[in-house]
Every structure is written in structure tokens, then in C-alpha cells.
Trainee: 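First the structure, then my questions, so here it is.
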Amino acid sequence: MKPALFSVLCEIKEKTGLSMRNAQEEESQDPQLVRLDNMLLAEGVAGPEKGGGAAAAVSAATSSGGMSPDSSLEHSDYKSKLSQIRNIYHTEMEKYDQACSEFTTHVMNLLREQSRTRPVSPREIERMVAIIHRKFSSIQTQLKQSTCEAVMILRSRFLDARRKRRNFSKQATEVLNEYFYSHLANPYPSEEAKEELAKQCSITVSQVCNWFGNKRIRYKKNIGKFQEEANIYAMKTAIVATQSEDSPHTPNSTGSGGFSLTGPDLFLGVPPMNGEQPVYMGAQTNGNWQGQNTPPSATSPGNDHSEESD
DNA sequence: AGAAATGATTCGGC
DNA sequence: GCCGAATCATTTCT
């Protein structure tokens with residue numbers, strides 16, 4: 001009588017209860033999980049310990065924007081923050097794993113004990129374990145998700161160049177200003193000139209572009225404010241020009257490129273007194289540069305400063 | 001602390 | 001693809 005009742009109860013259990021919510025949504029959230037896993041792996045958070053993956057990812061991402069060579073500090077900062085995240089991720093993950101297995105054994109023991117008083121089929125145990133694992137893995141998925149978010153935030157913080165802007169060195173701005181004011185009639189450096197300037201200033205070509213873009217627009221917006229600066233640099237170039245006239249060799253020691261930094265006939269030769277009158281008269285300073293932008297092909301030096309001939 | 005300066009980004013036009 | 005313009009985010013000056 002007793003075994004018969006037992007088997008009946010087993011059958012009932014088989015058809016109801018735990019069997020209903022079974023291997024279903026397991027597949028549905030898989031793609032997302034895979035994506036998260038891949039992302040974490042790519043960022044160097046998951047996967048092998050202390051891999052170069054993180055650094056590689058950073059350098060790959062930053063190389064497109066162009067960074068100054070002193071970015072190693074930021075990189076180490078980024079790496080330390082990333083390893084912090086990784087540590088948290090791994091310890092949490094381990095904790096969950098441990099908790100999961102502990103809970104599983106606990107439940108198994110319970111079921112084993114219960115099996116003395118009621119029918120507990122091995123399939124029921126299996127399902128129970130599966131449910132527990134699913135629950136814990138969903139928690140782990142949440143952890144993965146938030147870790148991903150943290151990494152993304154970290155990346156955006158470190159990769160957004162505006163956040164870690166550094167002023168250029170004094171020497172660099174000097175070089176750029178010299179070029180700008182000696183080519184005030186047409187302050188659009190050619191590709192070669194940009195590269196040369198970038199080399200001289202230890203910055204990237206795109207930074208040179210940014211600088212000239214900013215300079216042009218800010219100069220045009222407020223010419224008066226830049227008058228003094230213009231005078232200073234005009235003086236400098238004038239001095240360089242006279243020096244180059246005196247000596248047979250050109251003092252453009254840096255000149256491996258195809259442009260000259262001197263524009264002597266833009267300077268009127270009046271000393272920059274503190275008077276109101278503008279001393280320096282770069283040809284077209286009325287803001288109408290546009291239109292006289294020389295095409296990129298015209299990079300031949302010598303015919304550099306051909307301003308307002310009429 | 002607030003203003004000014006400055007380098008970088010975004011967007012629309014050509 | 002470059003440029004001007006507007007804007008953002010940070011640094012430097014006051």
C-alpha cells in the first residue's frame with residue numbers, strides 16, 4: 001500500500017508544480033549575456049588576470065583621437081581604475097558562485113532529508129538545482145551589466161579629450177603664433193606646414209588644425225585684443241628676417257619642410273608703442289579670409305605672401 | 001570663487 | 001574633407 005501511494009504522489013508531482021516553469025527563457029536572454037561577456041572580455045575585465053587587453057583597448061581607442069605623449073599618466077590612472085572594477089567584479093562573481101553552490105548543497109540536503117518522508121525524484125532535484133542556478137546567474141548578469149556600465153563611464157571620462165585637456169607648452173604656442181602672424185594674410189597652413197608645425201610643437205596635426213581653427217575665429221572676433229600679440233610676433237619675425245638677410249645661410253634651422261616662417265613685408269617697421277594705433281597691419285584682417293583659401297596643391301614656398309595687390 | 005583663456009568637439013555649409 | 005561658428009570642459013588668471 002505504501003509504495004503504491006508513493007508512486008502516485010511521484011506522478012502527480014511530475015505533472016504539476018516545478019515542471020511548469022522550466023527550460024524556457026533560458027535561451028531568450030542568452031544573446032544579451034553573450035554580448036555582455038564579450039564586452040567584458042574585450043575590456044579586459046573578465047578573462048585572464050592582468051592581461052594587456054585593457055591597455056590595448058585604450059591605446060586603440062585613443063590613437064584615433066590623437067594624444068600627446070604625456071598620456072602615460074592618464075593611462076596608468078585608467079588602468080588602475082579598470083583593475084579596481086575588475087577586482088570588484090571578480091570578487092563579487094566569486095561570492096555569487098560560492099553562495100550558489102552553498103545554497104545548492106543546502107537545498108539538496110534538505111531534499112534528501114525530505115525524501116525520507118515524501119517522494120523526491122532525482123528529476124525534481126535536478127530542476128531545483130537548475131532553478132537555483134538560473135536565479136544566481138541572473139544576478140550575475142546584473143552584475144555584468146553594471147560592470148559594463150561602469151567601464152563605459154570610465155572610458156568616456158578618460159577618452160573624452162576635453163576632460164583631460166592640457167595647455168600647450170609655451171614654446172609650442174610661440175611656434176604656432178609665429179606662423180599665424182607671419183601668415184596673417186592667409187593663415188591656412190598646408191598639409192606639409194601643419195605636419196612641420198606639429199613636429200615642432202610635439203603635438204598632432206589635428207591639434208594644429210584645432211589651434212588654427214580656434215585662432216582664426218578668435219582673432220577675427222576680436223582683432224583689437226590680439227593687436228599687441230600681433231605686434232610682438234611681427235617684431236620677432238622681422239628680426240628673424242633681417243638676420244636671414246645678413247647671413248648667407250638661412251637661420252631656419254628647423255626647416256626641413258617646404259615653408260618659411262618669415263613674412264617680412266607684413267610688418268611696417270614701427271615700434272610697438274603703447275599707443276592706440278595699430279602698428280601691425282596684416283593684410284586682410286577684416287575677417288574676409290574665406291574665399292582666398294589657397295588650395296592644398298599650392299604649397300610651393302617663396303610665393304607665400306601675396307596679399308592685397310589691389 | 002568667478003572670469004578669462006584655451007583646447008576639443010559638434011554641426012551645418014560648401 | 002576642410003572651414004567657420006557655437007559650444008563644452010578644463011586650466012589659468014584675477
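A, B, ... follow the sequence lines: proteins, then strands. Residue 1 opens every chain.
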Trainee: Mind calculating the distance between CD (Glu191(A)) and C1' (dC3(C)) to the nearest angstrom?
Mentor: 14 Å
Trainee: May I ask you to say whether Glu124(A) pairs ionically with Arg118(A), meaning some side-chain N is under 4.0 Å from a carboxylate O?
Mentor: yes
Trainee: Are Lys215(A) and dT6(B) close enough that a side-chain N or O sits under 4.0 Å from OP1 or OP2?
Mentor: no
Trainee: Would one find a side-chain N or O of Tyr219(A) under 4.0 angstrom from OP1 or OP2 of dG4(C)?
Mentor: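 No, Tyr219(A) has no side-chain N/O under 4.0 Å of OP1/OP2 on dG4(C).
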Trainee: Rounded to whole angstrom units, what separation is found between the CG atom of Asn214(A) and the P atom of dT10(C)?
Mentor: 16 Å
Trainee: Would you tell me if any nitrogen or oxygen in the side chain of Gln207(A) comes within less than 4.0 Å of OP1 or OP2 on dA8(B)?
Mentor: yes
Trainee: Taking for each residue the nucleotide of DNA chain C with the nearest heavy atom, is it Asn167(A) or Gly213(A) whose nucleotide lies nearer the 5' end?
Mentor: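 Nearer the 5' end of the strand: Gly213(A).
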Trainee: Provide, to the nearest angstrom, the distance between the CG atom belonging to Asn186(A) and the C1' atom belonging to dG4(C).
Mentor: 15 Å
Trainee: Whole angstrom is fine here: how far is it from OH in Tyr188(A) over to P in dC3(C)?
Mentor: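 Rounded to whole Å, this separation is 7 Å.
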Trainee: So what does Arg218(A) hit on the nucleic acid, given a heavy-atom distance under 4.0 Å: a base, only sugar-phosphate, or nothing?
Mentor: base
Trainee: Could you tell me the separation between the CG atom of Asn210(A) and the C1' atom of dC8(C), rounded to a whole number of Å?
Mentor: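 Asn210(A) atom CG is separated from dC8(C) atom C1' by 13 Å.
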Trainee: Backbone N or O of Ala46(A) within a donor-acceptor pair of the Arg86(A) side chain at under 3.5 Å?
Mentor: no
Trainee: So, is Lys225(A) close to the dA4(B) phosphate, meaning a side-chain N or O under 4.0 Å from OP1 or OP2?
Mentor: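 Lys225(A) to dA4(B) OP1/OP2: no side-chain N or O under 4.0 Å.
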Trainee: Whole angstrom is fine here: how far is it from CH2 in Trp211(A) over to C1' in dC2(C)?
Mentor: 18 Å
Trainee: Checking the side chain of Ser190(A) only, and the main-chain atoms of Ala193(A) only, is there a donor and an acceptor separated by less than 3.5 Å?
Mentor: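 Yes; judged by distance alone, with no hydrogens or angles, the pair exists.
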Trainee: Salt bridge check, Glu92(A) against Lys95(A): does any charged N sit closer than 4.0 Å to a carboxylate O?
Mentor: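 Salt bridge present between Lys95(A) and Glu92(A).
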Trainee: Could you check how far CZ of Arg165(A) sits from P of dA5(B), rounded to whole Å?
Mentor: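 So the CZ-P distance, Arg165(A) to dA5(B), works out to 13 Å.
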Trainee: Roughly, in whole Å, what's the span from CZ in Phe168(A) to C1' in dG7(B)?
Mentor: 6 Å
